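To start, the structure under review is shown below, and the notes come after it.
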Amino acid sequence: MNAAPTTLPTEPALTSYLLRHADDSLVHGQRLCEWVARAPRIEDDVALLNIALDHIGHARTLLTTVGEREGRGRSEDDLAFGRSEMEFSNARVFELPNGDFGQTVAKLVCIALWETELFGAWAASDEAVLAEFGSGAERECRYHLKYATTWAARLAGGTQESAERLEKGFAAVWPHLGELLVIDSLVTDLADVGVIPDHARVGAAWTARLYAELAGLGLALPELVAPAGPQGRQGNHLESFTSLLAEMQYLHRAHPGATW
Amino acid sequence: MSTYTEPLWEVFVRPARGLSHMHVGSLRASDAEMAVLSARDLYTRRSEGVSIWAVRSTDIASSDPAERGEFFETAATKPYRHASHYHVPDGLNL
Amino acid sequence: MFEEIVQTGGQIEPSDWMPDKYRASLSRQIAQHAHSEIIGMQPEGAWITRAPSLRRKAILLAKVQDEAGHGLYLYGAAETLGTDRAEMLEGLHSGRHKYAMSFDYGMPTWGDVAAMGWLGDGAAIVNQVPLARCSYGPYARAMVRVCKEESFHQRQGFEAMQALVAGTPQQRQMAQDALDRWWWPALMLFGPPDDASPRTADSMRWGIKRYTNDELRQRFVDMAAAQADVLGLTIPDPALRLREDGHCDFTLMDLEEFTANLRGEGPYATQRRDHRRAAHQDGAWVREAMQAYDDRVVAAREAS
Ligand SMILES: [Fe+2]
Ligand SMILES: [Fe+2]
């Protein structure tokens, strides 16, 4: 496939694509921050905050890029704090409440697997923006995956209670994962001109690894399918999302134009 | 409630290639994998290392502090083991 | 041997003989110090999700994460004296152990986050730099790591204050209000005045402390007064003034309030301990799982 230079034909599609993944990272990081001073061990406070920090970092890089590319003078903060729920294009799984530690571990396993596959594919891309971001982010997400799978193995092989909680956690996350397999025209158009990787392949690689991971944990869940109808990517979010935004944005919005 | 405490581990970090692992502190972890993960998050958040060892504290054999005299202080009477003990004529590369 | 080492500024290591009182006093001090780091995560951590910019969010995340790390370094140092972490945590949860009760004050605005970094972490540095040379090796070494990280904490706090005072009238007000709230708790971080500090003499003789509470408090006030001037903020102490000798006259915190806090009567004392206890209880099943896994899987692997 020939590399498409980052010029007009792919705009504004590529910027919208980047914004989706910026929102994924921001919302995922924001949720994980809620664990502070609540983790089962202080070591896990440190680890969960690390993962949160990496995602806030990813979001900052991507939002800044989006702001530069769209040419409307919006900063990372304008994009993070100035948009309403309908303008956020993260997939729903990233905004999903943390639940207990079992659910958080389940969510981290699923998301870290997805991110290592996606960012790994970005890293191999000819598009400079994706390649540069992807190689750094993939490395970080590999570590998140290691943390999450290490814990998943311990919960699955721990007590009956922990095995049940992990299983419930996966069951709670599961209905929201199919959205990551949706391939809409934005993705197809960009993939057709070779700007972004083929999401069908990313999705297939991800589900293969996810099913293998679950099998290793002695869990079986139904095959994932892409849902029909609008989801988070279309600004159609879960009920709990507005509270997440309210908490994240209130201070910034209460002081319009202020510098912090 | 459970009163389980994970075993204690001693953590050693290699600060850079070419240097030895150095003891940086301890932590608690249920097993070796967890110990290495926690050590990474706890002791290398600011690029302090390129490699980590974690060793169960109880697996470390150590000299007896009461035997410090016979172990270590006897070396002090053998200054001739050190190059600085010998006088070298000026100007010689020796 | 022990006396000789501590008198000459040397360091005691875990396997060395030490007087029981030295061990007990250090154990108590290091555990309290560790608990303070852990409790301090709560009021600041609560602001991570509400931080007003992504940069501030990332900075605060990194800082609170460091505080958790400080707690862990310190629990590790205390364990070398023979008390294990579970015992120390039990002391924290049951109320048997104390911590720096300045964290029992509230942080109602973003200004408090900035002031806490500037003054709270600033006070921590003044307290901790001499501890990096204290007579107990593991504590001193933990403090070396901690001090490096604290200077980032203080600077980010000062910078956040600078942003507020350079901002809108509301932001300036936020900064001044937070200084008003945090000045006295910051002075309390240095402990009781010397004439009411029965343990200071032993601690000094043993090289655990290198300076008295009042000496360190004076050092802090001298530095903070100059910094408040740069910020253009007013320290809420009408008696505070710079003397010719370069040091400041100032008013000590209200000692009745201070001792009430020590008794655990600070405004958020119950909430902080309850929160900490609840987090620990909520995580009990996770730690049980870890133990079961350890017993079963790891034991099987080692047997084979
Ligand atoms: Fe600290
Ligand atoms: Fe600090």
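All of these numbers come straight from a predicted model, not from anything done at the bench. Letters A, B, ... mirror the listed sequences (proteins, then strands); counts begin at 1.
Legend: residues meeting side-chain hydrogen bond (donor to acceptor under 3.5 Å, both in side chains) with C/R28, ordered by chain and number and at least two apart, are absent.
Heavy-atom contacts from other residues, nucleotides or ligands closer than 6.0 Å to OH of C/Y268 number 12 or fewer. Within 6.0 Å of the CZ atom in B/R14, the count of heavy atoms belonging to other residues, nucleotides or ligands exceeds 12. Few gaps surround CZ on C/R96; more than 12 heavy atoms of other groups in view lie less than 6.0 Å from it. When the shell of 6.0 Å around CG of C/D20 is examined, it contains 12 or fewer heavy atoms from other residues, nucleotides or ligands.
Looking at heavy atoms from C-beta onward, C/R145 lies in side-chain contact with B/V24 at the 4.5 angstrom threshold. Between B/R28 and C/D84, some side-chain heavy-atom pair lies under the 4.5 Å cut-off.
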*Evaluate the side-chain contact (heavy atoms from CB on, under 4.5 Å) criterion for residues B/T5 and C/Q291: first the C-alpha distance (whole Å), next the side-chain angles of each, then the deciding distance (0.1 Å), finally the verdict.*
CA-CA 8 Å; B/T5 315; C/Q291 178 184 20; over 6 Å; no

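Proximity to chain B at a heavy-atom threshold of 4.5 Å picks out C/G76, C/E79 from residues 74-81 of chain C, in numerical order.
Within the 4.5 angstrom heavy-atom criterion, no atom of C/R141 approaches chain B.
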Which donor-acceptor pairs under 3.5 Å do side chains of residues 45-55 of chain C form with protein atoms, sequence neighbours excluded?
residue: C/W47; atom: NE1; partner: C/M107; partner atom: O; Å: 2.9
residue: C/T49; atom: OG1; partner: A/E247; partner atom: OE2; Å: 2.4
residue: C/R50; atom: NE; partner: C/A46; partner atom: O; Å: 3.1
residue: C/R50; atom: NH2; partner: C/A46; partner atom: O; Å: 3.0
residue: C/S53; atom: OG; partner: C/R56; partner atom: N; Å: 3.1
residue: C/R55; atom: NH1; partner: C/E159; partner atom: OE1; Å: 3.1
residue: C/R55; atom: NH2; partner: C/E159; partner atom: OE1; Å: 3.1
residue: C/R55; atom: NH2; partner: C/E159; partner atom: OE2; Å: 3.1

Acceptor/donor pairs from residues 40-50 of chain B side chains to any protein atom, 3.5 angstrom cut, sequence neighbours excluded:
residue: B/D41; atom: OD1; partner: A/N50; partner atom: ND2; Å: 2.8
residue: B/D41; atom: OD1; partner: A/Y143; partner atom: OH; Å: 3.3
residue: B/Y43; atom: OH; partner: B/S26; partner atom: N; Å: 3.2
residue: B/Y43; atom: OH; partner: B/S26; partner atom: O; Å: 2.8
residue: B/T44; atom: OG1; partner: B/R40; partner atom: O; Å: 2.6
residue: B/R45; atom: NE; partner: C/D66; partner atom: OD1; Å: 3.2
residue: B/R45; atom: NH1; partner: B/D41; partner atom: O; Å: 3.1
residue: B/R45; atom: NH1; partner: B/L42; partner atom: O; Å: 3.2
residue: B/R45; atom: NH2; partner: C/D66; partner atom: OD1; Å: 2.7
residue: B/R45; atom: NH2; partner: C/E149; partner atom: OE1; Å: 3.3
residue: B/R46; atom: NH1; partner: C/D66; partner atom: OD1; Å: 3.2
residue: B/R46; atom: NH1; partner: C/E149; partner atom: OE2; Å: 3.1
residue: B/R46; atom: NH2; partner: C/D66; partner atom: OD1; Å: 3.4
residue: B/R46; atom: NH2; partner: C/D66; partner atom: OD2; Å: 2.5
residue: B/E48; atom: OE1; partner: B/R45; partner atom: N; Å: 3.2
residue: B/E48; atom: OE1; partner: B/R46; partner atom: N; Å: 2.7

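Considering only heavy-atom pairs separated by less than 4.5 Å from chain B, the leading option among C/W17, C/W285, C/Y73 is C/Y73. Comparing C/E87, C/K148, C/E90, C/Q65 by how many heavy-atom pairs each has under 4.5 Å with chain B, the most go to C/Q65.
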